[in-house]
Novice: 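Have a look at this one before I ask anything.
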Amino acid sequence: VNSMNRIFVVLLVGLFLAVPARSQTQVAPGTVDGSKSPELIPDNVAYRLVFVSLAIPPNATAAQQRRQGAFLARIGLNESDSLVLLTKLSSFYTRYADFRKHENDAADQARGTGVPIDGTWVRLSIQRRDALVQSVRDELRTVLSPNGMNLLDTFVQKEKRGMTIASVPSM
Amino acid sequence: MEHRPETPSGIEEKEKIKMIKFSSLLVFLVALFAFAPKSAWAQCEYATADGYYTQAVANFTLHTSVVVEGQVICSYNGMEHTYYATNTLRNRRTGYNVGYTQNEGPTANYVSLENDESVPVQPDDIVDFSGESQVWCPIMGYFFTTSWNWPFHFAYTRVASLGTRSNCSTDPHTGITICDLNVQTWCTIATTPPDMNLTEVRVMVSPIPPSSFYDAYGVGVWTGSGYYFNNLTSYAIGLSSPQPLANCTKTH
């Protein structure tokens, strides 16, 4: 009976250590809730989310175009700036789709060749993504009127209220 | 030491104790499994995820979008595991069931999901959308979860021009000039002040001259402390003169 008790204790401790954490709806450390702290949402992240939401494919449906038009109206750009932004958003859509494909292909390739997909790998991927978003912002700064750029930036800052961002502490 | 054979009742007693110990341990283990400390986050080593919820209104249509995206790699002790990313948008208003869910995983690492919904609205309509985005690793639990539940209120206010303009901007290519036009609300006493208590509307003043009256429409979001209008005037429609006082929307 005593040896059985010891086995149970060992099993118990082993089980406690081995049981993976159970899923539960909770907020990860490092999560920023834009409705509470919009100032903690980085501009580059906010611009990316707005671009992703606003950009539509080149062969967009009429409904997609109407939806995009409603959001562009909120920014309040004049006609020229609206056209410039539309062109840039269209370009962003294609470039971002290419980026995603590239990253996913690279991950598959890394798995196939045994290259570790670790923190460094992910950080480089995130850097490529952020550079792409930054380049679109830089391009917009040169082609939009100063007033248009201000209006776009005001819109993006306001939109931070609807954003939540998270990255694990090790990132 | 003298060996004494156990009596049948003695053996039964020992078996009973064993059984009780077994049962107690089983209950304890089940309880332990159910209530073990949750430490999911530390195990999901390489992931980022961002969520975004937004809305706009135009031509009596409310558009809502929920986006979740990021680089998601669920890793546990150096081994990758399947992940699931879900993005849900529901219209909770009775009669609408237009929400849907997107899922992605496990082969694509870069998640980018977007749900868009558009519904017709009339002044004073409240459209109760809820959105939810999650990234979940089966072994490690939720890495990212966020949800929104903001009822949208479609507000309407009639305004009368006071004549003065500011912040004018002329498009060099089209020659169209847009200004902030100072206005006062033009609502019945019962609906004054209206939800959308405007002092200006942004409208074209040239080449088409401004109107003396406008019907303005906007979206308010219930935040728990009152409606706020995050895009003061979504659009304003010019009216002929004169105009009677209107029943503007007034909910508080």
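Keep in mind that the numbers below use all heavy atoms, side chains included, and drop hydrogens, waters and symmetry copies. Order of the sequence lines fixes the chain letters, A, B, ..., with proteins taken first and strands second; residue numbering starts at 1 for each chain.
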Novice: Taking the six-membered ring for Trp, are A:F71 and A:F155 closer than 6.0 Å centroid to centroid?
Specialist: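 They do not qualify: ring centres at least 6.0 Å apart.
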Novice: Check each atom of A:V50 against the heavy atoms of chain B and say whether the ones under 4.5 Å are side chain, backbone, both or neither.
Specialist: both
Novice: Counting heavy-atom pairs under 4.5 Å to chain B, which of A:V45, A:L83, A:L49, A:I41 comes out on top?
Specialist: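 Winner by heavy-atom pair count: A:L49.
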Novice: Tell me, for B:T146 versus chain A, whether the close heavy atoms (under 4.5 Å) come from the side chain, the backbone, both or neither.
Specialist: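 Answer is side chain: those atoms of B:T146 sit under 4.5 Å from chain A.
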Novice: Are A:F51 and A:Y96 an aromatic pair, judged by ring center distance below 6.0 Å?
Specialist: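 No; A:F51 has its ring centre 6.0 Å or more from that of A:Y96.
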Novice: Given a strict heavy-atom distance threshold of 4.5 Å, which part of A:V52 is in contact with chain B: side chain, backbone, both, or neither?
Specialist: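 Contact with chain B involves both backbone and side-chain atoms of A:V52.
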Novice: Under the criterion side chain to side chain contact (heavy atoms under 4.5 Å, CB included), I'd like the reasoning laid out for B:F144 against B:Q134: C-alpha separation, chi angles, the key distance, then a yes or no.
Specialist: CA-CA 5 Å; B:F144 176 80; B:Q134 295 178 328; over 6 Å; no
Novice: Please find out if less than 6.0 Å separates the ring center of A:F99 from that of B:Y110.
Specialist: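 Yes, ring centres under 6.0 Å apart.
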